[in-house]
**Student:** 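Sharing a structure below in structure tokens format, with a few things to ask.
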Amino acid sequence: MKTFTYRTATSLDEGLEPGATFLAGGTNLVDLMKLGVATPDVLVDVTKLPLDEVSDRPDGGLRIGAGVRNSDLAVHPRVRQDYPVLSQALLAGASGQLRNMATTAGNLLQRTRCRYFMDATMPCNKHEPGSGCPAQEGDHRNLAILGGSPSCIATHPSDMAVALTALDAVVQTDRRSLALGDLYVLPGSTPEQETVLSHGELITSVDLPDPRGKSAYRKVRDRASYAFAVGSVAAVLRVDDGTVADVRLAFGAVAPKPWRAYRAEEALRGRPATRSSFLEAADAELAAATPLRDNAYKITLIRNLVASVLEGLA
Amino acid sequence: MDLRVNGEPHSLDLDPRTTLLDALREHMGLTGAKKGCDHGQCGACTVLLDGRRVNSCLILAVTLDGASVTTIEGLSHPVQEAFLEHDGFQCGYCTPGQICSAVGMLAEADGASLPDAEIRERMSGNLCRCGAYPNIVAAIREVAAR
Ligand SMILES: Cc1cc2nc3c(=O)[nH]c(=O)nc-3n(C[C@H](O)[C@H](O)[C@H](O)COP(=O)(O)OP(=O)(O)OC[C@H]3O[C@@H](n4cnc5c(N)ncnc54)[C@H](O)[C@@H]3O)c2cc1C
Ligand code: FES
Ligand code: FES
């Protein structure tokens, strides 16, 4: 691991020095530092900042502090009761130990698990723009079918972020407020840029609007537990009289960001809440998929997941 | 920095790159917590940090000034007896992590009933290369039922 200077942030108005990187639970950053993929000069520990509260918002929503541990959020009574999709997504991620360390903001900003990205000795356009993307021809079984580019097909690995995307979460930073969907940027020709955050911009909380329907998360992985998704679906659904009144859908492990399925949602609103409309809606979204040699299975997987999750909620 | 380990205060002067796992093993002579993968993938390094189970291989020790850590060496809990009774191990490499994790997990469950599938899910962050899982589950089941 490269050497670095360590500091602890004790108040929100302390400026961040150039070159500094925030450290939260460390479950991703410390790992990447050991691998030589992350090489910060200065680490600023943000876990002592007062960002570890979950509180009710006046509009009936919820404010989740950036430093709340994933395990605490998963069992928070309001999350369990009003946002089950979020609780389920959190509990489907990582392990009990890791969730005790991982934080809200760290989870959102965790980096891809693409094996070429995680190996500092491999070419990767995220490490070194212009060095190439070996995944295009190589191991891309768990990489993107939506939103990728010839420069990068890395997938965003978070479960929590998929649930938050379906919940229309808003990210608060020390400078502004951002819809979660606007936090991440697609790779295009600059995959080294993953979010719109500027250097030293601190996420302070994630806000949820009031609950808008029944919700659920379902994740498929290579083993029963303690594995990243190969595909997942988060859904919020409200059905009136057998008709879809409102629906929000997000897909995980299929794109460089949690993928909000707007086309599927549009195809569903006002339609009968039946398996055949659910499958048609999934098809409307997945028509844009551009699978590679070894990841076309994700199309079928997501299609079936959409139908089963929505049937479970309808 | 100051760290309380198994009830004993320690004053340490560490390279900031040192993980809690390396601090325990290399600087304090506490080799109970094991280094399996060093990347959060196996659970062999599990210890209790302020009572909560964590992977000590992914925590920088410098972040823990003033914290309290319990390792297998400092633990005295019915889960240990139960692992012996039920033969919850073969080579024993994963055992300190399994036991610390089980103690943390039982505190998280807070008396909730734990069917085997639930024990397995909650313990999924601890791998056992010897495949002693059925006996590990049996040991935890017994303590959980008390
Ligand atoms: C073996 C293993 C299995 C895993 N399995 C899963 C899984 O199945 N599903 C899943 O979703 N995740 C999984 N994870 C990933 C885990 O959820 C993330 O590592 C964790 O959520 C990151 O949170 P953290 O607080 O530890 O972040 P850190 O590692 O501390 O930080 C991550 C990034 O966020 C930045 N950051 C942190 N806080 C802030 C802030 N307030 N403002 C701005 N930037 C900030 C840091 O600078 C860094 O770039 C797994 C991890 C491991 C090691
Ligand atoms: S050594 Fe820490 S999880 Fe494997
Ligand atoms: S007893 Fe050998 S690894 Fe678990």
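Throughout, protein chains are lettered first and strands after them, A, B, ... in sequence-line order, and every chain is numbered starting at 1. Owing to the predicted nature of the structure, the values given are computational and were not obtained by experimental measurement.
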**Student:** Which one wins on heavy-atom pair count under 4.5 Å against chain B: A:Tyr226, A:Tyr6, A:Phe4?
**Tutor:** A:Tyr226
**Student:** Given heavy-atom pairs under 4.5 angstrom as the criterion, report whether the side chain, backbone, both or neither of B:Leu127 touches chain A.
**Tutor:** side chain
**Student:** Check whether B:Cys42 gets within reach of chain A through its side chain, its backbone, both or neither, counting any heavy atom under 4.5 Å.
**Tutor:** backbone
**Student:** Check whether B:Thr63 gets within reach of chain A through its side chain, its backbone, both or neither, counting any heavy atom under 4.5 Å.
**Tutor:** both
**Student:** Are B:Glu108 and A:Asn100 close enough, and set up right, to give a side-chain contact (heavy atoms from CB on, under 4.5 Å), and what steps lead you there?
**Tutor:** CA-CA 10 Å; B:Glu108 288 161 16; A:Asn100 276 340; 3.1 Å; yes
**Student:** Go through the atoms of A:Thr27 and report whether side chain, backbone, both or neither lie under 4.5 Å from a heavy atom of chain B.
**Tutor:** both
**Student:** Any Lys/Arg nitrogen of A:Lys48 or B:Asp65 sitting under 4.0 Å from an Asp/Glu carboxylate oxygen of the other?
**Tutor:** no
**Student:** Which region of B:Cys57, side chain (C-beta onward) or backbone (N, CA, C, O), has a non-hydrogen atom less than 4.5 Å from a non-hydrogen atom of chain A, or is it both or neither?
**Tutor:** both
**Student:** Locate the shortest heavy-atom distance separating A:Met1 from B:Arg17; write the atom from each residue and the value.
**Tutor:** O-NH1, 2.8 Å
**Student:** Before giving the answer on side-chain contact (heavy atoms from CB on, under 4.5 Å), spell out for A:Leu98 and B:Asn55 the whole-Å C-alpha distance, their side-chain angles and the decisive distance to 0.1 Å.
**Tutor:** CA-CA 7 Å; A:Leu98 289 162; B:Asn55 305 85; 3.5 Å; yes
**Student:** Tell me the closest heavy-atom pair linking B:Glu121 and A:Leu91, and the distance in Å.
**Tutor:** OE2-O, 3.8 Å
**Student:** Find the one option among A:Ser71, A:Ser225, A:Ala94 whose heavy-atom pairs under 4.5 Å with chain B are most numerous.
**Tutor:** A:Ser225
**Student:** Is a side-chain N or O of A:Lys34 found less than 3.5 angstrom from the main chain of B:Leu58, in a donor-acceptor match?
**Tutor:** no
**Student:** Hey, which of A:Ala227, A:Ala224, A:Gly26, A:Gly96 has the most heavy atom pairs under 4.5 Å with chain B?
**Tutor:** A:Gly96
**Student:** Please report the interatomic distance CZ(B:Arg122) to OG(A:Ser95), rounded to the nearest 0.5 Å.
**Tutor:** 13.0 Å
